[in-house]
Asker: 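Let me give you the structure first, and then I'll get to my questions.
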Amino acid sequence: MFARSTSKTWLRSSGKRFKTLLRRFAQLENVLKEITPKSIDYSQWYVDVIRKADMVDYSPVKGFMVMKPYSYRVWEFIQAAMNTRFRATGHENAYFPLLIPEHLLQREAKHVEGFSAEVAWVTHGGSELLAERLAVRPTSETIVGAMYSKWIQSYRDLPVLMNQWSNVVRWEKSTRPFLRTTEFLWQEGHTVHRTADEAERETRQQLEIYREVIEGELAIPVVAGVKSAGERFAGAVETYTLEALMSDGRALQIATSHFLGQNFARAFDIQFLDEDGTLKYGWTTSWGSSTRMIGGLIMVHGDDRGLRMPPRVAPIQVVIIPIGRGADGKAVHARCRALADELGSIARVRLDDRPEYTPGYKYNDWEMRGVPLRIEVGPRDLKAEQVVIARRDTGQKTTVALAELPSTVARLLDEVQQELFRQASEYRGRETYTISRCQEADAHGYRGFFRGGWCGSEACADSLKIETGMTIRCLPLEPESNQASCAMCGATSRQQVLLARAY
RNA sequence: CGGGGAGUAGCGCAGCUUGGUAGCGCGCCUGCUUCGGGAGCAGGAGGUCGCAGGUUCAAAUCCUGUCUCUCCGACCA
């Protein structure tokens with residue numbers, strides 16, 4: 001036993017030393033100076049990318065991070081894309097308070113149970129001890145429910161369709177920027193409906209909106225499904241989820257939508273007088289997506305040179321880099337400025353005219369930040385009335401005549417968006433396996449999505465976790481085929497499930 | 001929360017074993033020369049060594065505590 005633990009420790013530390021060596025070697029080879037290659041240390045790669053791309057910084061408090069402008073801008077694009085769709089489906093934005101009195105938080109039994117371990121409490125106002133402690137919201141079902149019960153009296157008040165953009169706090173044990181932080185930004189929708197059917201439809205409709213935004217804007221392919229009971233939101237009847245596959249083969253739950261039945265309506269007394277004169281409980285839903293999506297964006301599209309931004313959410317879509325000095329330089333700069341003005345109406349353009357850096361430095365710099373298109377303008381191009389365009393997604397360089405530049409840029413931005421989605425889809429397709437026994441995932445290093453049968457028992461879900469480290473990510477809404485037997489116990493399968501190791 | 005690793009200039013690190021003037025590379029500032037894939041030379045600025053105690057004539061170095069980051073588990077968007 002002693003020998004075993006010793007060798008384990010040794011392996012761990014020598015593994016780390018080995019990684020450091022490899023990393024240094026990579027740096028000497030000038031593969032890339034600032035970013036650890038994915039293949040050497042994925043976690044380190046992730047941290048390097050977000051820091052070198054100037055997306056976040058750590059704060060003095062554990063688990064809290066600063067979102068710097070370059071990542072916050074991405075968040076703003078996500079917000080815009082979602083707000084448009086929320087509004088189109090009749091939702092309105094509102095804002096509910098940050099602090100929730102303890103008695104409210106405790107109204108719904110399963111909900112409290114689910115969140116109690118990670119709630120932060122406010123106990124003092126100034127130096128005075130509060131009569132009742134106040135929870136910093138981990139999510140807002142309770143405070144929203146309490147308010148809704150005041151606002152709703154008649155079926156004519158329904159449906160209530162509200163959304164809020166806010167921060168929430170969950171005291172997490174281990175944190176990683178974007179993926180799991182103690183405080184995070186998100187959007188949470190809360191609705192009340194007259195019938196169960198309507199609430200169910202709402203739940204699915206919002207999941208579909210998430211899919212549109214995540215696939216269409218972030219270029220991240222997702223699998224839509226239903227959570228198993230063990231993975232369900234605390235207090236929900238049914239939780240719908242979108243699962244994405246990261247480039248290290250682990251799954252990320254990227255958005256969820258909950259059908260809450262009448263659980264919260266009963267707990268918070270959300271009742272309405274129906275047309276038939278009887279008092280009924282409303283049917284509620286809630287749905288959320290967070291800055292975690294940005295973490296997904298990084299892990300799905302990033303490569304060893306850094307980020308690769310899908311154009312639709314890229315803070316800078318086109319960077320123009322002048323080449324040359326002296327007399328040439330002046331003409332080049334004039335041309336670049338003119339191009340920046342011209343293209344500014346069709347894309348988010350940045351002219352990098354910093355004199356202190358060479359073009360080569362700038363290429364690397366902007367590639368690290370994932371700018372989709374780079375336009376190079378040098379003396380040669382000036383004479384030939386052309387520019388060189390380099391794509392971040394494929395690395396391809398092409399020469400484009402000035403006359404065709406605006407249309408080409410517009411087309412290429414569209415192509416890069418498609419290509420990133422195509423690459424991610426192809427990867428996911430390649431790394432999705434159908435298995436009949438969960439141990440078969442071992443051959444693939446438990447990297448990827450695994451489709452297998454499930455008998456429906458929580459015991460099997462638990463043993464899966466213990467034996468393979470995988471969890472049931474969801475019961476896909478569109479199962480590919482139905483396995484005859486459970487991948488864990490071999491009994492008759494109830495439905496195909498998606499298995500993976502998850503973030 | 002358990003177990004590893006790490007905190008020294010903006011970044012990456014050496015120095016610590018054996019206590020005695022704070023170092024290197026990159027970056028930064030100034031000047032000149034450079035510019036089609038991380039430019040060159042010269043000069044210069046920058047650090048209460050994570051924080052708090054303790055030992056000592058003397059602590060980056062030794063001891064205790066604590067905070068943060070990071071990895072692996074357990075718990076979760």
Side-chain angles (χ1 to χ4, degrees), chain A residues 5 8-17 19-20 23-24 27 30-34 36 41-44 46-48 51-52 57-65 114-119 138-139 168-188 227 230-231 233-234 239 241-243 252-258 287-296 305 321-326 328-329 332 354-368 374 376-382 387-388 390 395 397 399 465-466 469 471 502-503:
Chain A
S5 70
K8 247 184 167 175
T9 307
W10 180 85
L11 266 175
R12 224 178 271 134
S13 66
S14 83
K16 173 151 183 150
R17 234 172 280 145
K19 279 178 180 176
T20 308
R23 199 175 143 202
R24 290 212 177 133
Q27 288 174 357
N30 205 15
V31 172
L32 207 118
K33 260 191 214 160
E34 330 217 0
T36 306
D41 188 340
Y42 195 86
S43 300
Q44 190 59 48
Y46 180 77
V47 171
D48 287 350
R51 297 228 39 200
K52 301 302 179 184
D57 201 356
Y58 296 104
S59 83
V61 184
K62 178 185 167 68
F64 290 76
M65 68 171 182
F115 281 103
S116 63
E118 42 185 347
V119 173
T139 179
V168 287
V169 168
R170 296 181 187 176
W171 220 258
E172 300 289 350
K173 311 285 185 192
S174 70
T175 58
R176 307 185 68 189
F178 295 117
L179 300 176
R180 174 163 295 108
T181 46
T182 305
E183 177 192 27
F184 57 93
L185 303 186
W186 75 346
Q187 127 318 280
E188 50 178 323
K227 283 291 184 189
E231 300 272 330
F233 175 74
T239 288
T241 179
L242 296 181
E243 299 287 325
L252 184 74
Q253 176 179 310
I254 203 161
T256 50
S257 184
H258 316 289
W287 23 276
S289 64
S290 72
T291 40
R292 170 180 267 195
M293 288 183 284
I294 297 174
R305 306 189 71 79
I321 298 180
I323 299 157
R325 280 222 151 187
D328 278 345
V332 165
R354 294 175 294 177
E356 66 270 30
Y357 294 112
T358 59
Y361 178 92
K362 293 175 182 175
Y363 297 168
N364 287 293
D365 198 37
W366 293 109
E367 279 172 4
M368 213 153 61
R374 177 180 74 237
E376 307 170 9
V377 182
R380 289 206 300 267
D381 304 308
L382 226 53
V387 298
V388 173
K397 278 195 189 188
T399 302
K465 178 81 192 278
I466 293 162
T471 47
Y503 273 97

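Letters A, B, ... are given to chains in the order of the sequence lines, protein chains preceding strands, and every chain is numbered from 1.
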Asker: Across the strands shown, which category fits A:V388 at heavy-atom distances under 4.0 angstrom: base, sugar-phosphate, nothing?
Answerer: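 Here A:V388 touches the bases of the nucleic acid.
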Asker: With a 3.5 angstrom cut-off on both distances, give the Watson-Crick or G-U wobble partner of B:U34, or none if there isn't one.
Answerer: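 Matched B:U34 with nothing under the 3.5 Å cut-off.
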Asker: Ignoring backbone atoms, test whether A:S290 places a side-chain nitrogen or oxygen under 4.0 Å from the OP1 or OP2 oxygen of B:A77.
Answerer: no
Asker: A:T239 pairs by side chain to side chain donor-acceptor pair (under 3.5 Å) with which of A:Q253, A:H258, A:E231?
Answerer: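 When side chain to side chain donor-acceptor pair (under 3.5 Å) is applied between A:T239 and each of A:Q253, A:H258, A:E231, only A:H258 qualifies.
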Asker: Taking atom types as they are modelled, would you say the side chain of A:K397 forms a donor-acceptor pair with the base of B:G37 within the 3.5 Å cutoff?
Answerer: yes
Asker: Base, sugar-phosphate, or nothing: which does A:K173 touch, judged by heavy atoms less than 4.0 Å apart?
Answerer: base
Asker: Return the value, rounded to whole Å, for the distance between atom CD of A:E356 and atom P of B:U33.
Answerer: 17 Å
Asker: Separation of A:Y361 atom OH from B:C26 atom P, in whole Å?
Answerer: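 Computing the A:Y361:OH to B:C26:P distance gives 14 Å.
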Asker: Provide the Watson-Crick or G-U wobble partner of B:C26, both distances under 3.5 Å; none if there is no partner.
Answerer: B:G10
Asker: Check the distance between B:G37's C1' and A:E376's CD and give it to me in whole angstrom.
Answerer: 8 Å
Asker: Kindly say if A:Y58 contacts the phosphate of B:U70, meaning a side-chain N or O under 4.0 Å from OP1 or OP2.
Answerer: yes
Asker: Does OP1 or OP2 of B:C71 have a side-chain N or O of A:S43 closer than 4.0 Å?
Answerer: yes
Asker: Classify the nucleic acid contact of A:R374 as base, sugar-phosphate or nothing, counting any heavy atom under 4.0 Å across all strands shown.
Answerer: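 Base contact.
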Asker: Tell me what A:R51 touches on the nucleic acid: a base, only sugar-phosphate, or nothing, going by heavy atoms under 4.0 Å.
Answerer: nothing
Asker: Rounded to the Å, how far apart are A:K362 NZ and B:G36 P?
Answerer: 11 Å
Asker: What's the CZ-C1' distance between A:F115 and B:C75, to the nearest Å?
Answerer: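 Those two atoms, CZ and C1', are 13 Å apart.
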Asker: Return yes if the base of B:G38 and the side-chain atoms of A:R305 contain a donor-acceptor N/O pair under 3.5 Å, otherwise no.
Answerer: no
Asker: Checking contacts here: which listed nucleotide (B:A77, B:C75, B:U70) is nearest the side-chain heavy atoms of A:V47?
Answerer: B:U70
Asker: Using a cut-off of 4.0 Å on non-hydrogen atoms, how would the nucleic acid contact of A:P322 be classed: base, sugar-phosphate, or nothing?
Answerer: nothing
Asker: Take A:K62 and A:E172, measure what salt bridge (charged side-chain N to carboxylate O under 4.0 Å, His left out) needs, and give me the verdict at the end.
Answerer: CA-CA 10 Å; A:K62 178 185 167 68; A:E172 300 289 350; over 6 Å; no
Asker: Nearest to the A:S174 side chain among B:G73, B:G36, B:A77, which nucleotide is it?
Answerer: B:G73
